[in-house]
Number of protein chains: 2
Amino acid sequence: MPISRRLPRSIATVCLSGNLLDKLEAAAAAGFDGVEIFEADLLTFEGSPADIRRLAEDLGLSITLFQPFRDFEAMPEPQRARNLDRAERKFDVMQALGTDLVLVCSNTQEAAIDDDARAAEDLRRMAERAAQRGLRVGYEALAWGRHVSRWKHAWKIVQQADHPALGLIVDSFHTLALGDDPSSIADLPGEKIFFVQLADAPRLSMDALSWSRHFRNFPGQGELDVGGFLGAVARSGYAGPISLEVFNDDFRAAPARLNARDAVRSLVLVEAEAGLSELPDPPRSDGFAFLEFAVDQTSRRALGAFLETLGFRLAGRHRSKDVELFRQGGINLILNAEQDSAAAEHFQLHGPSVCAMAIQVDDAGRAMARARALLCSEWQEQRGVDERVLPGIRASDGTLILLIGPDDLGEGSTSWENDFHMLPLPVEDGLTRIDHVAQALPTGSMNSFVLFWHAVFGLDAQAPVDLADPQGLIRSRAMVSADGALRLPLNISESRQTSTGRFVTAFAGAGVHHVAFEAPDIFAAVRAMRARGAATLPVPPNYYDDLAARWGLDDALLDQLRAHDVLYDRDAGGELLHVYSRPFEGRFFFEVIERRGATGFGAANAPVRMAALARL
Amino acid sequence: MPISRRLPRSIATVCLSGNLLDKLEAAAAAGFDGVEIFEADLLTFEGSPADIRRLAEDLGLSITLFQPFRDFEAMPEPQRARNLDRAERKFDVMQALGTDLVLVCSNTQEAAIDDDARAAEDLRRMAERAAQRGLRVGYEALAWGRHVSRWKHAWKIVQQADHPALGLIVDSFHTLALGDDPSSIADLPGEKIFFVQLADAPRLSMDALSWSRHFRNFPGQGELDVGGFLGAVARSGYAGPISLEVFNDDFRAAPARLNARDAVRSLVLVEAEAGLSELPDPPRSDGFAFLEFAVDQTSRRALGAFLETLGFRLAGRHRSKDVELFRQGGINLILNAEQDSAAAEHFQLHGPSVCAMAIQVDDAGRAMARARALLCSEWQEQRGVDERVLPGIRASDGTLILLIGPDDLGEGSTSWENDFHMLPLPVEDGLTRIDHVAQALPTGSMNSFVLFWHAVFGLDAQAPVDLADPQGLIRSRAMVSADGALRLPLNISESRQTSTGRFVTAFAGAGVHHVAFEAPDIFAAVRAMRARGAATLPVPPNYYDDLAARWGLDDALLDQLRAHDVLYDRDAGGELLHVYSRPFEGRFFFEVIERRGATGFGAANAPVRMAALARL
C-alpha cells in the first residue's frame, strides 16, 4: 500500500524544559498537533487537569496520551486489586484532561509474576474498565521490563487479552536499543497499534535504563535506524500520532522553543526517511564560496593586515557598501564594516568574527526548499539595485548561511562577485581552498547543531572525539559531506576555561573558532607566510621527538616539520600535515592543512595546539 | 609481617589540570614525593625533558614513572622490531627526565598475537636493553587489553620473561573493575612489583574503557575496595611508591592545587584503610550544635523576623560581639553581624548566608587530630577574654566547620553558650533539631565534597539521585553518618537555571541551600508557623490527587497534608512528611520534616518543590 500520508505530530512534555505551560506553548509554537502529558509535569503544575485541557485547546493542541502508568500487570494480591483502583484514579485525570489513551509500560517490579496469562487478564480487566468510560489502554514493552521487554512479547499479551480497548504501543528506542528487528511491526494490524513513540540515541555501551534516561535524542541526532522503524510502523497501516519521547539531560536544560523546533525538524526528517513524505534532496556542495567577517573600521584594518600576512590580497570593494573582499587561490573572505547591516548587529554582539558562511550548492532553489521544509528561518540582506539577492538561512545559533548556486558563482553577471568592483591585481595561490570551518558551541547544544547540518545539508556526524585541553576535555564531532568537500568540526566543552569554553564565553554563544585553509605545499606556504611577517603557533620540541618514535619518520621530513612548526598525523586515508596561526586579537585563528590522503583533522595534535593557545 | 610503613606518595600528571609546570607545582604544594609523567603532558610542554627534571628536583619531587608505552608486546614483524627501536627513543627521554621506570601496558591492538611466550620474549628483550642503561620496565594488564587483561596473566608473562629489569605493575582500577580478587597479590614477591597505581570509581554499568577514561576518582570517592587492594599490595612486602592515576573529566577542569590536596587526602585515608598507617577514628556525632549566618544589621533584622515566624526566639546576645542567638527546641541559629570578622568577610562575598556549621562530636581533640592528618586547614576565630576557643576547620569550599565536644555543650562554664548573655525567655519547641543541611555545589566539585565528609567525618555517600528541576537535572548525593544523626545532602547541576544552579551563581560558590528542622508533629508545627505569619511553599492540588492513587492514603491524612502544604513520601524505613518555607530574600529556605521511620529525603517530591521555587 502507498504509505505516504501525514500523521499527527506529537511530543511528550518530558522532552521540553520549563513548567507545563511553557512546554505546551513551545510545542504549539513549533507546530505540533498534540502532546503526551508526562505525569510528573502534571503533578508539579499549579493548574487542574481541566485547566490544562483548556490551555491545550486554546493552543490548538490535542492531548494524545497520558503516561506513564507503571508496574501494573501480573502483580500478586493485594497489589493486583489496588492497581485497578489506581487505574480508576488515573482515568479520572484522563477524562479531566480530555485524552482517551493511557500508556501502561511493562512491569519492572521484582514482585511481578512471570505469567503472560495473568498479565493479559489484568490488562483485559483494565481495558474493560477503561472502555466503560470511553477510554483506551496502550501496552508498551520497556527495554528493562522485568518479564516483558520486547514488542513481540507485549503484542502476544495484547492478543491474548483480546479487548477492543487494549492495544500495543511501540517505541523506537525500546525496540532498537535491544537490537530488536522492527520490520515485522509492518505485519501487525495497524489499528491495534494505539500509539507510536520515537527516539534516537547515540550507541553507548551502558545499561539500557541509564542510556534511556539520560542520552536519548531526537531522530537524526543519534545512530539508531528510526526511519526504518517508522517505515515498518507506516506499512502496518497505523494512522495515529507519531510522538517524540526523549529523556535527555541537555534537553531538560535547553530553551524549550528552540528545542521544540528541533523536535519538529527531526520528525520532518524521519517521516521522509520512512517514506511517509517527500523532502527535496540535500544539496551537493563543493565547499565554501566565501566567509564573511563582521568588523568595524578599526578591526577591518587589523584583520586585513593579518590576512595579508597569510597571503590574502584585497581583491575587490563592494559597489554600494562598506565591504571588502580578500582572496587567495579559491578562498574568498569578506570583511563587512557596513553600518546598519546585519553584520553591524553581529559585530555589536560578538566583536570581530565570522557572521556568515556562504556554501556552494548544486541547486540553491532545491536547497532552500529543503531548508524551508525543515523549519529554517529564511533571511535576506538588503541589497542595492542590480545586486544579487543571495538566499540565506539561519543556523541553530543564528549564524547566517548563504546558499550559492551555480549561477551565483564564477564571473558572469549573476555572480555574487558582480557586487564588487574587482581589483586587477594578481592573486596568490599558496592557499587554495577552505578545508574546514570549526565552530565552538555552548554546553548542551551539540545535538541541535548535529541535527541542523545533518538534516539541512545531509552531512554525516563523525564519531565524537575527546580532546584534552590543559583546562578540561573538549568533545569534538565533525559534520562532513559524503565526498568530504564540506567539513565542519563542532567543539564543545563543559569547562569554561578550555580553548572552546573561553571562546564561547567571550563570544557569548556559538561561533567560528578557526578556519582551515588547504595548501598543496604546506612548507612553501609557511615560508611565504613567515616572509610576510606571519607568526606560526609554536610547537614544543618534545612533540617532534615523540613523532620520530611514534611514526618512524625520516630525519629530513622531521627536520622540515620542526622548522615550520608543522604538526603531523596519519589516519586510514594517509598523512595529514597542519600548522596554526596565532589567534587574531585573542579570538579566532587560522590553520593551514596539507592532506596527503588523510580525511581526519589531526585530533592527536589538538592537545599540542590547545596547550600552545593556553600559553599565549 | 607488620606492614605499617610510609611508602612514597606519587601522582600521575594526568590527574591534574594545567600545563606540566602547573601540575608539578600543585603536586609539590600538596606534599607529594613524586610524580608519574604522563607522556601527553610532556609533548605539549615547551621545556625539554632535562628542564622538567630540574623543575621537579627544585620542587623536591622525584619522577617515579614515565608512562604509558603502548601496544608493545607480541606484535608481528615488522612492528615487533620497530617497537624495540621505539623503546630506545623512550629510554632516551627517561634518562633525560631522570626516571628509571617505564610502564608498558598490555597490548590493545587487533594485530597483537595471542602468544604469552612471544610477549614474554619481547618484554625480556626490552628489559635487557633497559638494563644496559640502568633502567627498568614495568608490565601492567589493562582491563581492556586484547589478550592480557588480568594481573595474574601479566605476572605469568613477567615470570616467564624472567629478567631482573622486568617487573609487574598493578593498578586497583584495572583489577577491581573486572571484579578480580586482589588478595593473592599479597603472595607475590614484593620486589617484583615495580609500581602500584591507585584509583577508585563509582560502580557504573558501561564498558571498562569509557568508565576508566572518564569516571575514575580518588580512593574514598568511589565504590571500589581500594583499601583492600592496597592492603594486599602491602602484605607482599612492596616498598615502592603508591601512585594515583585517575582519568576524570571533572579533575581535568578542576583547580590543580585543590585537586592535588584532595589527592593526598585520599592517600592518607586509603593508607589507613590498608593498615599502612593509623588515623584517629572519625568522630561520632549527635548532629549540629548550631549554624551561624553571616548578616549585616539590615539582613539580621529581616532574618530574625523570618526566623520568628518559624517559631525561633532571640535567646541570647554575645558578650563582646554583635552576634545574636536564636533558638527553638534543640536548634541554635547564630546571626553574626560583627564587623571585621570572618563572618563579615563571608557576608561581603556571599550576602546573608550560612557561614559556619558547628558539629557536635564525641571528642573534639580526636576529631581535630584526624582532620589535621587529612590536610584540613585549621581555623580560629578571634575571641574575647574568657570566651571559648572553638576548634574549627575549613571544608572544601572554605565553609567553616566548628567541632563542638562534650565540654563545649550544655550550660557549664566551658560551653559555647557561655559566650552569650542568655535571655530568660521560654523557648518554643515545635521544631526540635536540625535534621539535615543541604548544600548546593558548583559543577565538577561533587567528588571533592564527598571525600571531605567521608574522610574527615566518616559519613557514607548514599547512591546519587537525579531530581528533575523544570530547568534541568539536579544530581543529589547525601552524606549520612551511620546512625543518621548527621545528614548533609549535596546537590549539583550542570544547568545554571535550576534551583541549584541559580543558587551557586548568585552565591558565587558552594553554600547552604536549605536547612531542615525536625518536628515531632508537622501539622501542629505548620499551624503554629502560619499563626505567626509564616507562608508555606504552595503545593499543587494535582500532587495530592496522585498521592491518593500512588499510596492509597486515607482521606483524613490526605486532607491534612493538603491543608498544610505537606509533602509525603515513603521508603523502606517508613513514612516521611515534609513542608518548605518560602525562600528568605530569594536565597536559602527552610524545611520542616517529620520522620515516621523514613531515612530518605523525599526525593520523589523534589520536583514539586523545585517547580514551586521556579514559580516564585
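Note on naming: letters A, B, ... go to the chains in the order of the sequence lines (proteins, then strands), and numbering restarts at 1 for each one.
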Problem set entry | Pro49(B) side chain reached by Asn542(A) side chain, heavy atoms, under 4.5 Å | yes

For this session: Inspect the contact between Lys90(A) and Asp546(B) and indicate whether a charged nitrogen and a carboxylate oxygen are less than 4.0 angstrom apart.
Result: yes

Problem set entry | Winner by heavy-atom pair count (cut-off under 4.5 Å) against chain B, out of Ala254(A), Gly444(A), Gly18(A), Gly501(A) | Gly18(A)

Exercise. Between Pro470(A), Pro607(A), Ser48(A), which shows the greatest number of heavy-atom pairs under 4.5 Å with chain B?
Worked result: Pro470(A)

Exercise. Looking at Pro540(B), Ala612(B), Ala256(B), which makes the most heavy-atom pairs under 4.5 Å with chain A?
Worked result: Pro540(B)

Exercise. Would you call Arg213(B) and Asp466(A) a side-chain contact if the rule is heavy atoms closer than 4.5 Å?
Worked result: no

For this session: Under the side chain to side chain contact (heavy atoms under 4.5 Å, CB included) rule, what do Arg86(B) and Arg550(A) come out as? Steps first, then yes or no, please.
Result: CA-CA 7 Å; Arg86(B) 193 156 65 93; Arg550(A) 188 148 35 119; 5.6 Å; no

Exercise. Can you tell which of Glu46(B), Lys23(B), Met206(B) has the highest number of heavy-atom pairs within less than 4.5 Å of chain A?
Worked result: Glu46(B)

Exercise. In Å and rounded to the nearest 0.5 Å, what is the CG to CZ distance from Asn19(A) to Arg615(B)?
Worked result: 7.5 Å

Exercise. So which of Phe45(B), Tyr543(B), Phe251(B) has the biggest tally of heavy-atom pairs under 4.5 Å with chain A?
Worked result: Phe45(B)

Seminar exercise, completed: d(Leu204(B) CG, Ser210(A) OG) to nearest 0.5 Å is 8.0 Å

Problem set entry | Greatest number of heavy atom pairs closer than 4.5 Å to chain A - which of Thr44(B), Leu209(B), Asp22(B) | Thr44(B)

Exercise. By a 4.5 Å heavy-atom criterion (distance strictly below it), what part of Ala548(B) contacts chain A: side chain, backbone, both, or neither?
Worked result: both

Exercise. So what's closer than 4.5 Å to chain A heavy atoms on Arg609(B): side chain, backbone, both or neither?
Worked result: neither

Problem set entry | Side chain, backbone, both or neither of Glu88(B) within contact of chain A (heavy atoms, under 4.5 Å) | neither

Problem set entry | Option in Leu20(A), Thr498(A), Leu43(A) with maximal non-hydrogen atom pairs under 4.5 Å from chain B | Leu43(A)

Seminar exercise, completed: Of the listed Ser17(B), Ser205(B), Gly472(B), the one with the largest count of heavy-atom pairs under 4.5 Å with chain A is Ser205(B)

Exercise. Which bit of Asp207(A) comes within less than 4.5 Å of chain B, counting heavy atoms only: side chain, backbone, both or neither?
Worked result: both

Problem set entry | Heavy-atom contact with chain A under 4.5 Å, split by part of Pro541(B) | side chain

For this session: Pick whichever of His214(B), Gln497(B), Arg82(B) has the most heavy-atom pairs under 4.5 Å with chain A.
Result: His214(B)

